[in-house]
**Student:** 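Could you have a look at this structure, given as structure tokens, before my questions?
Quantities reported herein were computed from a predicted structural model and do not represent experimental measurements. Every number for a ligand or one of its atoms is a count from 1 in the order of the listing. FYI, the numbering just counts along the sequence from 1.
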Amino acid sequence: MWTESEIDGYIRKNLKEGRYLHTLRVVKASGELAKIHGLDPKKARLAAYLHDCKKYMRENELREYLRSHPEGLRDANRPAEVLHGFAAALFAEIEAGIPDLEILEAIKWHTTGTPGMFDLAKVVFLADMIEEDRDFKGIEALRKAAVKNLDAAMLMGLDLSLSYLLKSGKFIDPDTMHARNHFLELVRDKTSSNSKDNI
Ligand SMILES: [Fe+2]
Ligand SMILES: [Fe+2]
């Protein structure tokens with residue numbers, strides 16, 4: 001299994017400088033968020049290190065790469081913007097020898113999200129959105145939510161990315177929609193059971 005420094009060497013060589021620096025900030029944010037939520041910071045950092053490692057590949061190369069592995073076949077036709085996560089998860093497992101399912105899933109779902117994600121995957125998804133250089137309307141509320149409650153923050157993050165996708169006329173991956181509805185249900189159920197407790 002590759003160490004952090006081997007992964008660092010690979011991404012430093014293959015990613016443009018801006019993307020490499022973004023990765024380092026996501027690594028930092030993932031480690032911090034994991035600690036706050038009682039998760040393993042080492043696993044969160046490793047997933048973050050690899051999350052964008054296939055960002056340098058073109059769309060047709062990514063589709064080819066996914067098609068060339070049986071586990072990647074069903075993801076090869078997803079929207080262009082999300083392919084790199086699925087390719088990175090394959091690379092992490094096959095090339096970098098990462099055996100840990102939580103780490104692999106965190107890499108895989110970092111752009112789309114999916115219903116029933118591990119908490120580690122929520123941490124990496126959110127860290128990618130809130131790393132210190134990110135700036136968009138609603139980011140401060142998202143940063144606060146990410147520290148307080150992962151599910152509420154996921155709902156907020158998915159709503160933000162869905163409205164961005166709609167506004168910019170981009171394809172929406174079905175998992176993003178399903179994940180958004182899943183977290184809406186979770187957050188609503190929690191709110192209504194809390195208010196019942198107060199009666
Ligand atoms: Fe990404
Ligand atoms: Fe990223």
Side-chain angles (χ1 to χ4, degrees), residues 2 4 7-34 39 41 43-63 65-66 72 75-93 95-96 98 102-114 117-136 138-139 142-143 146 150 153-154 156-165 168 170-177 179-180:
W2 286 12
E4 266 195 20
I7 298 168
D8 187 79
Y10 178 83
I11 59 169
R12 193 194 284 261
K13 199 172 119 203
N14 286 288
L15 297 180
K16 287 189 182 142
E17 197 192 1
R19 180 62 49 180
Y20 172 68
L21 296 174
H22 156 74
T23 300
L24 297 186
R25 292 190 296 268
V26 180
V27 169
K28 183 171 172 250
S30 294
E32 287 167 1
L33 262 191
L39 304 168
K43 289 209 302 190
R45 287 173 58 90
L46 214 53
Y49 247 121
L50 282 158
H51 84 286
D52 274 345
C53 75
K54 290 286 149 187
K55 196 78 181 178
Y56 66 93
M57 277 169 104
R58 290 168 203 271
E59 182 185 338
N60 60 336
E61 290 172 340
L62 286 165
R63 293 197 195 282
Y65 183 72
L66 287 165
D75 297 317
N77 295 320
R78 289 181 184 264
E81 291 81 3
V82 309
L83 293 171
H84 71 280
F86 297 90
L90 258 190
F91 176 86
E93 184 177 8
E95 247 73 46
I98 310 279
E102 281 183 88
I103 298 176
L104 297 173
E105 294 275 299
I107 299 168
K108 186 175 191 172
W109 301 112
H110 84 265
T111 320
T112 61
T114 194
M117 299 158 74
F118 291 119
D119 281 349
L120 196 83
K122 298 173 196 169
V123 158
V124 176
F125 180 99
L126 292 165
D128 194 20
M129 284 188 90
I130 62 168
E131 56 95 332
E132 58 199 25
D133 211 40
R134 295 277 202 208
D135 190 17
F136 50 82
I139 194 164
L142 185 61
R143 282 187 174 129
L150 289 176
M154 282 303 299
M156 216 182 255
L158 286 159
D159 276 348
L160 284 165
S161 70
L162 280 167
S163 48
Y164 161 76
L165 291 167
S168 49
K170 294 194 171 168
F171 284 105
I172 293 172
D173 188 277
D175 271 284
T176 307
M177 299 259 298
R180 188 267 179 181

**Student:** Could you list the residues that satisfy side-chain hydrogen bond (donor to acceptor under 3.5 Å, both in side chains) with Asn14, not counting sequence neighbours?
**Tutor:**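 Asn14: no side-chain hydrogen bond (donor to acceptor under 3.5 Å, both in side chains) contacts found.
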**Student:** For Trp2 versus Glu95, what's the shortest heavy-atom pair and its separation?
**Tutor:**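 Taking Trp2 first and Glu95 second, the nearest heavy atoms are NE1-O, 3.4 Å.
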**Student:** Go through the structure and list residues passing salt bridge (charged side-chain N to carboxylate O under 4.0 Å, His left out) with Glu59, not counting sequence neighbours.
**Tutor:**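 Result, salt bridge (charged side-chain N to carboxylate O under 4.0 Å, His left out) vs Glu59: Arg63.
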**Student:** Which protein N, O or S atoms does the Fe ion (ligand 1) have within a distance shorter than 2.8 Å?
**Tutor:**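 For the Fe ion (ligand 1), the protein N, O and S atoms that sit under 2.8 Å away are Asp52 OD1, His84 NE2, His110 NE2.
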**Student:** Of all the heavy-atom pairs spanning Cys53 and Ile11, show the shortest one and how long it is.
**Tutor:**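 Nearest pair, atom of Cys53 first, then Ile11: CB-CG2, 3.7 Å.
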**Student:** So, the side chain of Arg180 versus the backbone of Asp175: is there a donor-acceptor pair under 3.5 Å, distance only?
**Tutor:**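 The answer is no, because no donor-acceptor pair under 3.5 Å joins these two groups.
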**Student:** What residues form a side-chain hydrogen bond (donor to acceptor under 3.5 Å, both in side chains) with Glu93, not counting sequence neighbours?
**Tutor:**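 Once residues adjacent in sequence are excluded, Glu93 has no partner under the side-chain hydrogen bond (donor to acceptor under 3.5 Å, both in side chains) criterion.
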